[in-house]
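Encoded as structure tokens, the structure appears first; notes follow it.
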Amino acid sequence: MKKIEDERILIEKRKINSRAFSYVFIGLWLILIYRQFILEQEPSNYWDILVLTLGISTYVLIRNVFKGLYQTYREKESKRKNILIGGIVGSIIFTLIHGFFSDYNLSSSKDIVRILISGIIFFITWMGAQNYLVRKSEKKADEEIEE
Amino acid sequence: MKNIKMKMARVEKDLTQEELADRINVTRQTISLIEAGKYNPSLNLCVSICKELGKTLDDLFWEEEK
């Protein structure tokens, strides 16, 4: 009889590796945030970590999309809700960071309007990108289905 | 839920957990966890266990509704 591999061991090992990766991934983002907003370093001081973090993030995103796993396992309503909440939370964080850490004068109504407009542009871009990625991923997921 | 049927089939064949594990190339812990109902094996592993114990999937893994 053909021998099989012990799947439980493989699954457990993958879980450990996956958990370790998640910690490193979160750690990298925290390091970037700390260096940028607390130490106020220039990107030239941490470009290596920046490239690594963005590279890994892009890899995870692209692999998910091309494997047809990007949001495709969710139900339609839950998918919409998830994307919308992500967009709103992301835009609020972007607007706050943009407002507090850029050279805007928060007592000037002109600057406040600028910050709000940048937040709205971020939200629209985010939703557009999400919509594109979900459609692409759904198309890929459908390609895998055999009639 | 414990898999008593699998344990019975193994005992009928006069195999220890270790021996069954060796025959299908998994660890004793995996067999023990399946019998204790703490691990859900894949279909591939279920088939290997069934073949080794001379039983069908229904015999070992089908639960009748109460």
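Sequence lines set the chain letters: A, B, ... in the order given, protein chains first and strands last, and positions in each chain run from 1.
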Do other residues, nucleotides or ligands put more than 12 heavy atoms under 6.0 Å from the [atom1] atom of [X]?
X	atom1	value
B/Met8	CE	no
B/Lys7	NZ	no
B/Asp14	CG	no

B/Leu33 portion near chain A, given a 4.5 angstrom heavy-atom threshold: side chain

Would you please name every residue forming a ring-ring contact (aromatic ring centres under 6.0 Å, His included) with A/Tyr132, sequence neighbours left out? none

What are the two closest non-hydrogen atoms of A/Glu7 and B/Asn40, and how far apart are they? OE2-O, 4.4 Å

Nearest heavy-atom neighbours spanning A/Asp6 and B/Thr27: OD2-N, 2.6 Å

For A/Ile121, which fellow cluster members are found when Ile, Leu, Val, Met, Phe, Trp and Tyr are connected by side-chain heavy-atom distances below 4.5 angstrom, either directly or through intermediates? A/Val113, A/Ile117

Side-chain donor-acceptor pair present, B/Tyr39, A/Glu12, cut-off under 3.5 Å: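 Judged by distance alone, the side chains do not pair up.
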
Between CD1 on residue A/Ile11 and OG on residue B/Ser42, distance to nearest 0.5 Å: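 These two atoms lie 7.5 Å from each other.
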
